[in-house]
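Following: one structure in structure tokens, then a few remarks.
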Amino acid sequence: MAATFYITTPIYYVNDVPHIGHAYTTIAADVLARYHRLRGDDTFFLTGLDEHGQKVQQAAGKAGIDPQAYCDGMVPRFQDIWKRLTISNNAFIRTSQPRHKEVVQKLLQQLFDKDLIYRADYTGWYCTFDERFWTEKDVVDGLCPDCKRPVDRLSESNYFFRMGRYQDRLIAHIQAHPDYIRPRSRCNEVLGFLQNPLEDLSISRPKARLSWGIELPFDRNYVTYVWFDALVNYYSALEYLVPTPSVERYWPATLHLVGKDILTTHAVYWSTMLMALDLPLPRTIFAHGWWTVNGEKMSKSRGNVVDPNAMVDEFGADAFRYFLLREVPFGFDGDFSRVALIGRTNSDLANGLGNLLSRTLTMIERYAEGRIPAEEETTNVEVDNLLQQEARGLPGVMNIHLGNLDFHRALEAIWSLVQIGNQYIDKTAPWVLARKPENKARLNTVLYRAAEALRFISLYLYPFMPQTAEEVKRQLGLTVNFAKPALAGDIDGTITWGGLLPGTEITKGNWLFPRIDTTTAQGGPRVTHEQQPTTPSMPSTQPAAAPVSAEAAPPAAPQITPATPQITIEDFQKIQLKVARVLTAERIPRSDKLLKLQVDLGGEQRQIVAGIGKKYEPEALVGRRVVIVANLKPAKLMGVESQGMVLAAGDKEVGGLVTILEDVELGTKVK
Ligand code: MSP
């Protein structure tokens with residue numbers, strides 16, 4: 001059922017350039033916004049910039065320009081990267097906008113009039129970096145408990161918000177609304193924090209110390225504390241950043257996404273501010289974890305800050321989006337590394353999804369004249385049932401996982417369908433069906449079903465990887481408009497199997513994801529377009545005699561005959577056998593028996609030329625586990641380097657590949 005969905009990201013301090021942390025929350029919010037729009041919900045997605053406060057004033061001072069000009073100059077950095085990451089925010093708020101200031105002043109005045117803001121002298125420890133006071137018990141060894149920088153003793157007359165007054169009400173609200181602060185562990189942290197007396201909050205800064213802020217409406221000598229100003233953005237945007245004021249339409253917010261470090265300001269300051277203003281509280285505040293980089297804290301001084309622009313340049317927005325939400329459960333801390341991103345891109349995107357699309361469309365081109373064939377059979381075959389069940393179950397599964405902000409599970413569910421789709425093709429072997437005209441009905445059915453599974457995939461992929469979903473849609477010839485609520489009702493529960501129209505012309509395009517070559521030693525892995533699997537060639541009709549492997553092709557290949565002398569265990573141990581998985585397979589031009597394989601040895605990729613092309617069509621090998629000789633001296637076969645040998649049974653003819661039954665890790669030794 002359609003509902004309103006109002007989602008926010010934190011507003012980012014304008015004195016920093018966008019990094020992976022900013023991108024993470026914003027991408028997560030974008031996925032949810034797109035998903036809710038797809039469901040037909042009235043969605044409002046807000047992000048923006050936090051422009052006031054000491055940090056910005058200092059940064060502007062350093063740059064020798066006025067703070068407003070400094071902020072104006074920084075804004076495009078954020079807006080540009082959000083565009084590149086295909087962020088679909090409905091509005092972009094800047095706290096230096098006059099209308100925002102008006103709302104902040106209006107609310108301050110309301111609280112002042114209700115005597116919920118009062119003036120008092122205060123002596124405490126002040127942390128300039130965090131722009132806040134700490135009490136004696138908070139400070140450890142003269143350092144700020146938060147950022148660990150030295151604090152200064154400061155006596156000041158300031159204005160205070162009677163936050164402490166709301167302590168019991170806040171505890172009661174959190175306890176009565178288990179979804180208010182999530183995940184559960186963070187909720188418990190907040191409840192723990194609230195076991196100590198909640199003090200009133202200093203919401204002013206004397207202008208003498210800080211001028212870059214919103215002036216208190218009741219005392220011109222002060223500006224308001226940057227957090228009071230910033231938190232109000234979630235509300236003020238609804239008064240002026242929408243075509244018509246929409247407080248009634250969208251408030252309370254459905255979801256504030258924040259990082260774990262700023263949970264207290266949201267769960268305690270913002271909640272009590274809203275209580276004091278008699279405004280309803282948001283439905284959920286969700287705190288996600290932090291990224292480290294190659295196991296280390298990310299920081300400018302370490303020089304390891306992950307720049308989302310560089311990620312988009314190198315991997316594309318969708319691969320980066322996919323990685324961030326697939327790699328780590330939302331709510332947990334995670335570690336970012338290029339190696340992990342490359343691993344996922346190669347295995348899940350290139351090998352899984354890219355391969356499914358490419359082989360399905362190639363076969364439709366070859367066996368169905370480039371048009372979606374009709375599902376001519378109503379079969380009750382196990383593989384077909386499995387595929388359909390998995391696809392039909394997807395809408396419900398997505399609903400549950402995205403409702404819980406379990407992005408990684410939602411992606412796992414989509415990829416389970418990708419995997420089942422690939423297995424479906426392996427098992428039904430359309431290239432074998434195509435050999436006999438009497439199999440035409442079955443062939444058409446299989447091709448239809450593979451394509452229909454891809455339609456389901458594209459729909460649910462859209463929130464996560466909008467550009468990829470559009471490309472799948474284009475290649476499949478679909479006409480659906482993902483961004484339009486016309487899908488409402490279609491997607492939730494009623495999306496039915498069989499929606500793909502037979503006769504639709506497909507447009508096979510480029511590979512969705514270029515495989516990244518991990519073997520390039522110098523300069524690290526690089527994206528290469530050379531190693532894409534080619535389209536499957538027309539299947540040969542008869543398997544004929546073929547040497548087994550790359551090694552068997554050269555004339556010098558040893559022949560194992562009964563007369564072969566016995567070897568010692570030490571001799572055998574010289575041969576390094578390992579489990580590998582075929583990533584791609586393609587025919588070597590002008591050879592009917594040689595296939596070029598890329599195999600994954602568990603973090604290491606190898607190219608192997610194998611003489612199995614008369615027994616196997618390349619597309620039937622992708623994803624298979626094989627055993628390879630890993631320490632064979634590289635050799636060139638028809639000009640193509642082979643870095644190992646695949647084991648197969650058979651003497652003159654290939655009987656079958658040696659595989660491994662259990663799901664052992666790639667690279668495991670075989671002895
Ligand atoms: N301006 C405040 C928010 C005000 S919201 C009313 C602010 N801005 S920030 O730019 O410093 O941080 C924004 C967000 O980036 C926070 O949610 C923070 O958790 C997140 N991250 C900063 N570094 C991060 C990582 N290394 N990993 C994940 N997120 C991180 O705070």
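Every number for a ligand or one of its atoms is a count from 1 in the order of the listing.
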- Message: Within 45 degrees of the ring normal and closer than 6.0 Å to the centroid, is that where the cationic atom of R149 sits relative to F129?
- Response: yes
- Message: Taking the cut-offs as 6.0 angstrom to the six-membered ring centre and 45 degrees off its axis, would you call R321 and Y24 a cation-pi pair?
- Response: no
What does the N/O contact table under 3.5 Å look like for ligand 1?
unit_1: ligand 1; atom_1: 1 (N); unit_2: I11; atom_2: O; d: 2.8
unit_1: ligand 1; atom_1: 1 (N); unit_2: D50; atom_2: OD2; d: 2.8
unit_1: ligand 1; atom_1: 10 (O); unit_2: Y13; atom_2: N; d: 3.1
unit_1: ligand 1; atom_1: 10 (O); unit_2: H22; atom_2: NE2; d: 3.2
unit_1: ligand 1; atom_1: 17 (O); unit_2: G259; atom_2: N; d: 2.9
unit_1: ligand 1; atom_1: 19 (O); unit_2: D261; atom_2: OD1; d: 2.5
unit_1: ligand 1; atom_1: 19 (O); unit_2: W290; atom_2: NE1; d: 3.1
unit_1: ligand 1; atom_1: 26 (N); unit_2: W291; atom_2: O; d: 3.1
unit_1: ligand 1; atom_1: 27 (N); unit_2: W291; atom_2: N; d: 2.9

- Query: Within 45° of the ring axis of W251 and under 6.0 Å from its six-membered ring centre, is that where the NZ or CZ of R249 lies?
  - Reply: no
- Message: Can you confirm whether the side chains of S204 and R119 place a donor and an acceptor under 3.5 Å from each other?
- Response: no
- Query: Take atom CZ in R283; do more than 12 heavy atoms of anything else shown fall under 6.0 Å from it?
  - Reply: no
- Does the ring of W125 carry R153 above it, NZ/CZ under 6.0 angstrom from centre and within 45° of its axis? yes
